Amino acid sequence: MPELPDVEAFRATVQRHFIDRPVSRVVVSDPKCLEGVTALTAQRRLKGRGIQSTGRHGKYLFLDFGDNIVLVMHFGPAGSLHRVADAQEQPDYVRFQLDFSNGESLAYVNRRRIGHIRLVAGAAAFIEKARLGPDAMNPDFKFPGFAHRVSDRGQPIKVFLTDQSNLAGIGNTWSDEILFQALIHPAVRASSLGAARARQLFDEMRRVLKIAIDLDPSTADFEARLPSDFLLPHRHPGGHCPGCGTALDRVVLSGHSSTYCPNRQKPT
DNA sequence: TTAAGTGTTGCTCT
DNA sequence: AAGAGCAACACTTA
């Protein structure tokens, strides 16, 4: 379930292995994964070009081919991006693939058909059109801006964190972890948090996401390498709080289920 | 066997 | 207009 840390890992892979290499072939194995562009157009515009730079905003990945050609990828709940060095080891559910002249490929995998690929002229215009808030890890997005948005919203704080128009990059999984670390109940109204708890939430958001990025969610045993006080490995039916052992509870807010510790995260 | 759960975006409804 | 709820998707678990 790719959220900010996962997409950041995809971006790093592209940055490390695929910069400035000509695309030798564009394979659209599922045309439905393309939005607003036909397979033929995508092939014509990308073939022979190389990725000049990579970018990410929230859960969106941008591959900039220069000349106002930017490939935008979104992964939905079940998508991923893989470097395929050996054609024999093709993953399942590849819906779009870029083959490069050195024999390697970049495979866009999506088990379900939620999430898609677009071609746009520029990342900034796309971000504005999609009404995305600031990226949760953008260094220019500081506490005052966060606090202002929090005080402005009557949504439950859980819904606030996952609403991409407030801030971009956090989904159901990491919002649960962030609220758990900040000791805040998911149903608390954003506007009723107060400055001190908003500060706590902001700091934990940054700390948790940084840990996730540094541990690299695309590598093996990611969950097992998380700090021992993290909620994530226990976020399943029958799970218990890693801090106090209390049976975890869940609440559904705006159709999204949240897992939390009823002992440490009080609704106040 | 059927039904519910999973998570994201974007639409409709109030 | 803000917030809630559902559809789309495909696969897993009860």
Side-chain angles (χ1 to χ4, degrees), chain A residues 1-11 28-37 56-62 72-81 91-96 107-118 120 123 126-136 148-180 185-193 208-209 212 217-218 222-223 231-239 248-260:
Chain A
M1 300 112 231
E3 300 179 22
L4 189 155
D6 310 83
V7 179
E8 182 56 28
F10 303 152
R11 190 200 62 76
V28 184
S29 37
D30 177 15
K32 278 197 197 158
C33 77
L34 296 178
E35 188 143 301
V37 61
R56 182 192 56 73
H57 190 102
K59 305 169 188 172
Y60 289 88
L61 175 64
F62 300 99
V72 186
M73 290 182 168
H74 190 270
F75 300 93
S80 52
L81 192 63
D92 291 334
Y93 304 104
V94 174
R95 308 205 179 266
F96 180 90
Y108 174 88
V109 168
N110 206 332
R111 201 162 52 83
R112 293 144 76 175
R113 278 199 181 87
I114 303 177
H116 26 242
I117 297 173
R118 293 175 169 89
V120 300
F126 172 81
I127 290 163
E128 188 172 354
K129 208 172 146 205
R131 307 222 159 137
L132 299 177
D135 182 82
H148 178 257
R149 283 160 195 273
V150 166
S151 64
D152 215 36
R153 295 278 176 209
Q155 303 160 298
I157 191 62
K158 160 76 176 195
V159 177
F160 172 89
L161 285 176
T162 54
D163 183 340
Q164 303 298 295
S165 67
N166 293 326
L167 69 167
I170 298 172
N172 211 30
T173 304
W174 288 107
S175 61
D176 276 2
E177 186 66 61
I178 291 164
L179 290 171
F180 177 76
H185 190 284
V188 172
R189 300 273 151 186
S191 50
S192 72
L193 260 191
V208 165
L209 292 178
S218 69
F222 169 71
E223 275 205 8
L231 172 75
L232 228 64
H234 310 274
R235 196 179 166 274
H236 52 73
L248 296 173
D249 212 345
R250 38 183 44 210
V251 61
V252 175
L253 300 163
S254 276
H256 305 276
S257 94
S258 305
T259 300
Y260 69 103

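Quantities reported herein were computed from a predicted structural model and do not represent experimental measurements. Within every chain, numbering begins at 1; the chains are lettered A, B, ... in the order of the sequence lines, protein sequences first and strands thereafter.
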Problem set entry | Whole-Å distance separating the CD atom of Glu3(A) from the C1' atom of dG7(B) | 8 Å

Exercise. For the residue pair Glu35(A) and Arg118(A), what are the closest heavy atoms and their distance?
Worked result: OE2-NH2, 2.9 Å

Name the pairs: protein N/O against N/O of nucleotides 4-6 of chain B, kept only if under 3.5 Å.
| unit_1 | atom_1 | unit_2 | atom_2 | d |
| --- | --- | --- | --- | --- |
| dT6(B) | OP1 | Arg250(A) | NH1 | 2.6 |
| dT6(B) | OP1 | Arg250(A) | NH2 | 3.4 |
| dT6(B) | O2 | Arg112(A) | NH1 | 3.3 |

Exercise. To the nearest angstrom, how far is Arg131(A) atom CZ from dC11(B) atom P?
Worked result: 11 Å

Run the side-chain donor-acceptor check on residues 249-259 of chain A: report pairs under 3.5 Å with partners two or more places apart or on a different chain.
| unit_1 | atom_1 | unit_2 | atom_2 | d |
| --- | --- | --- | --- | --- |
| Arg250(A) | NH2 | Thr259(A) | OG1 | 3.4 |

Exercise. Does the side chain of Lys32(A) get closer than 4.0 angstrom to OP1 or OP2 of dA8(C) through an N or O atom?
Worked result: no

For this session: Please report the shortest heavy-atom distance between Pro77(A) and Arg112(A), naming the atom on each side.
Result: CB-NH1, 4.2 Å

Exercise. Out of dC11(C), dT9(B), dA10(C), which nucleotide sits closest to the side chain of Tyr93(A)?
Worked result: dC11(C)

Could you list, one pair per line, each protein nitrogen or oxygen that sits under 3.5 Å from a nitrogen or oxygen of nucleotides 2-4 of chain C, together with the distance?
| unit_1 | atom_1 | unit_2 | atom_2 | d |
| --- | --- | --- | --- | --- |
| dG3(C) | OP1 | Gly154(A) | N | 2.5 |
| dG3(C) | OP2 | Arg153(A) | NH1 | 3.2 |
| dA4(C) | OP2 | Ser254(A) | OG | 3.2 |

Exercise. Tell me: CG of Asp30(A) to C1' of dA10(C), nearest whole Å?
Worked result: 13 Å

For this session: Give every residue pair that meets the salt bridge (charged side-chain N to carboxylate O under 4.0 Å, His left out) criterion with at least one member in residues 158-177 of chain A, sequence neighbours excluded.
Result: Lys158(A)-Asp176(A), Asp176(A)-Arg235(A)

Problem set entry | Check: Leu4(A) and Asp135(A) side chains under 4.5 Å, non-hydrogen atoms | yes

For this session: Give the rounded distance in Å between these two atoms: NE2 of His57(A) and P of dT9(B).
Result: 11 Å

Exercise. Is a side-chain donor or acceptor of Arg56(A) paired with a backbone partner of Gly58(A) at a separation under 3.5 angstrom?
Worked result: yes

Exercise. So, for His185(A) and Tyr260(A), is the gap between ring centers shorter than 6.0 Å?
Worked result: yes

Seminar exercise, completed: Asp176(A) atom CG is separated from dG7(B) atom C1', nearest whole Å, by 12 Å

For this session: Indicate yes or no for a side-chain donor-acceptor contact from Asn166(A) to the backbone of Phe160(A) under 3.5 Å, with no hydrogens or angles considered.
Result: yes

For nucleotides 12-14 of chain C, which of its nitrogen or oxygen atoms have a protein nitrogen or oxygen under 3.5 Å away, and what is each distance?
none

Exercise. Which part of the nucleic acid, if any, lies within contact of His74(A), taking any heavy atom under 4.0 Å across all strands shown: a base, the sugar-phosphate backbone alone, or nothing?
Worked result: sugar-phosphate

For this session: Take the C1' atoms of the five end pairs on each side of the helix from dT2(B)-dA14(C) to dT14(B)-dA2(C), get both axes, and report the angle to 10 degrees.
Result: 60°

Seminar exercise, completed: In terms of heavy-atom contacts, Ala168(A) and His57(A) come closest through CB-CD2, 3.8 Å

Exercise. For Phe126(A) and dT9(B), what is the distance between atoms CZ and C1' respectively, to the nearest whole Å?
Worked result: 11 Å

For this session: Verify the neighbour count for atom NE2 of His236(A): are there more than 12 heavy atoms of other residues, nucleotides or ligands below 6.0 Å?
Result: yes

Exercise. Can you check whether Asp6(A) reaches Trp174(A) side chain to side chain, under 4.5 Å on heavy atoms?
Worked result: yes

For this session: Quick one: sort the Phe126(A) and Tyr60(A) rings into parallel, tilted or perpendicular, breaks at 30° and 60°.
Result: perpendicular

Problem set entry | Nearest-angstrom distance from the residue atom CD of Glu35(A) to P of dT9(B) | 13 Å

Seminar exercise, completed: note: Lys59(A), atom NZ; dT9(B), atom C1'; distance rounded to Å ~ 9 Å

For this session: Could you tell me whether the side chain of Gln164(A) and the main chain of Gly169(A) form a donor-acceptor pair under 3.5 Å?
Result: yes

For this session: Measure the shortest side-chain to side-chain distance between Asp30(A) and Asn110(A) over non-hydrogen atoms and say whether it is less than 4.5 angstrom.
Result: no

